[in-house]
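These notes concern the structure reproduced below.
In what follows, chains carry the letters A, B, and so on, assigned in the order in which the sequence lines appear, proteins first and then strands, with residues in each chain numbered from 1. Because the structure is predicted, anything quoted here is derived from the model rather than measured.
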Amino acid sequence: MTSKYWLLKAEPDSRIVKGKDVKFSVDDFESVKTSPWEGVRNYEARNLLREVKVGDQVLFYHSNCKNPGIAGFAEISKEAYPDYTAWDPEHPYYDPKTKQDSPKWFMPDVTFVARAKHLVPLALLRNIASSGDADAAGVPYIGLEGVEAIKGMALITRGRLSVQRVEEDTWRIMRDLAEKGGWDEQAIGKKKAPAKRAAESVRGAAKDSAAGSATKRRRRGPG
DNA sequence: GCCAACGTTGGC
DNA sequence: GCCAACGTTGGC
């Protein structure tokens with residue numbers, strides 16, 4: 001399948017991994033302009049990265065932070081090539097199981113295009129997806145198609161995936177939201193009724209499985 | 001800091 | 001190749 005629009009997650013807040021900060025905010029991105037998108041350690045995300053083409057458009061998402069949401073726009077500037085950080089024992093994204101002669105992880109280069117004039121909060125998208133009401137959310141201009149597009153976003157349905165496909169109409173809606181804003185931060189900023197944990201958990205057998213499954217993750221500036 | 005959701009690991 | 005345990009993601 002070919003896609004021309006993608007969503008990539010990065011962490012704007014400092015987080016130290018192996019002594020190094022993996023923070024990469026829209027500010028960082030804007031200042032470096034182009035960065036290898038290193039550190040993706042999840043197969044599905046990796047497979048998607050191998051599909052990206054030069055010129056494809058990217059929604060730059062702030063994850064694992066106070067105000068998660070779409071913070072900017074970018075584009076693919078180089079197709080995926082082996083992620084050398086997987087071979088560097090000093091690197092936060094080192095993967096001891098990757099052999100030099102058979103790269104397992106890949107990364108494209110991504111170039112900054114623009115900041116979102118209004119950061120499009122995940123809370124807004126969730127609010128619209130669950131209520132189905134763009135008017136109440138303060139963004140009547142996205143229309144019913146906008147609501148449907150948001151409902152279908154992987155961001156809503158597949159929370160944890162760090163590289164996601166985005167439909168063209170969805171991309172346009174995100175661009176409009178980022179440009180026009182209009183939602184009430186207070187109104188959409190709160191919410192969510194957490195479900196209760198089911199079991200009484202009898203976890204805890206000692207297990208030595210070193211491993212440490214590396215899932216996804218994301219990065220900082222260029223080396 | 002908590003904890004739900006979910007991908008990965010590894011014993012069988 | 002199943003599946004329970006485990007570890008991570010990431011919103012809140």
Side-chain angles (χ1 to χ4, degrees), chain A residues 6-26 28-29 37-50 59-72 83 85-86 91-99 102 104-107 116 119-131 137 150-166 174 177 183-220:
Chain A
W6 310 90
L7 180 146
L8 299 176
K9 295 183 183 178
E11 298 184 47
D13 294 344
S14 286
R15 192 168 62 88
I16 306 303
V17 179
K18 296 180 68 172
K20 291 178 183 156
D21 196 348
V22 298
K23 156 188 190 313
F24 190 64
S25 67
V26 70
D28 299 325
F29 196 10
W37 203 262
E38 83 228 13
V40 169
R41 298 289 181 269
N42 167 277
Y43 289 105
E44 186 174 0
R46 186 278 307 269
N47 292 343
L48 292 171
L49 284 183
R50 295 182 78 168
L59 299 172
F60 179 83
Y61 180 84
H62 274 177
S63 162
N64 197 20
C65 59
K66 189 77 181 298
N67 191 17
I70 295 165
D83 181 347
T85 67
H91 199 280
Y93 300 131
Y94 175 57
D95 173 16
K97 289 190 271 186
T98 299
K99 299 288 169 280
S102 68
K104 189 157 102 188
W105 305 113
F106 292 79
M107 58 186 178
L119 181 140
V120 181
L122 177 63
L124 171 71
L125 302 177
R126 277 206 202 284
N127 176 300
I128 293 170
S130 64
S131 71
I150 289 167
K151 283 183 181 171
M153 288 183 79
L155 200 56
I156 303 297
T157 63
R158 299 281 321 275
R160 292 179 58 180
L161 195 58
S162 66
V163 177
Q164 308 182 347
R165 289 182 199 287
V166 171
M174 296 304 119
L177 286 168
W183 54 87
D184 179 348
E185 301 283 352
Q186 298 307 97
I188 56 99
K190 286 270 152 227
K191 71 184 240 86
K192 161 106 181 220
K196 280 283 90 129
R197 187 193 272 282
E200 62 299 336
S201 138
V202 186
R203 283 198 171 165
K207 233 333 187 156
D208 57 337
S209 88
S213 72
T215 329
K216 10 183 166 185
R217 278 297 107 194
R218 275 271 54 224
R219 71 136 309 153
R220 35 160 246 205

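Residues meeting the side chain to side chain contact (heavy atoms under 4.5 Å, CB included) test with A:S14, sequence neighbours left out: A:D21, A:K23. Applying the ring-ring contact (aromatic ring centres under 6.0 Å, His included) rule to A:F29 yields the partners A:F24, A:F60, A:F112; only residues at least two apart in sequence or on another chain are considered.
Test A:K9, A:E44, A:M153 against A:Q164 for side chain to side chain contact (heavy atoms under 4.5 Å, CB included) and you get one pass: A:K9.
A:I70 places its CD1 atom 12 Å from the P atom of C:dG11, with the value rounded to the nearest Å. Atom pair A:L122:CG and C:dC12:P shows a separation of 5 Å (rounding to whole Å applied). Going from atom CG of A:N67 over to atom C1' of C:dG11 covers 11 Å, rounded to whole Å. Remark: P of C:dT9 and OH of A:Y93 are 9 Å apart, rounded to the nearest angstrom. Between the CZ atom of A:R41 and the P atom of C:dT8 there is a distance of 15 Å, given to the nearest Å. Summarising the geometry, the separation between NZ on A:K66 and P on C:dC12 is reported as 13 Å, rounded to the nearest angstrom. Computed from coordinates, the A:N64 CG to C:dC12 P distance equals 12 Å when rounded to whole Å. Between the C1' atom of B:dC6 and the CD atom of A:Q164 lies a distance of 14 Å, rounded to the nearest Å.
Listed pair A:R126 / C:dC12 meets the phosphate criterion, a side-chain N or O lying under 4.0 Å from OP1 or OP2. Residue A:Y61 places at least one side-chain N or O under 4.0 Å from the OP1 or OP2 atom of C:dG11. At B:dT8, one or more side-chain N or O atoms of A:N42 fall inside 4.0 Å of OP1 or OP2 (strictly under the cut-off).
Taking only side-chain atoms of A:K97, from C-beta outward, the nucleotide of B:dT8, B:dT9, C:dC12 with the closest atom is B:dT9. The listed nucleotides are C:dG11, B:dG7, B:dT8; the one nearest the side chain of A:Y43 is B:dT8. Closest to the side chain of A:P68, out of B:dG7, C:dG11, C:dG10, is C:dG11.
The closest side-chain donor-acceptor pair between A:R41 and A:T85 falls under 3.5 angstrom.
Not one N or O on the side chain of A:R50 forms a donor-acceptor pair closer than 3.5 Å with the backbone of A:F106.
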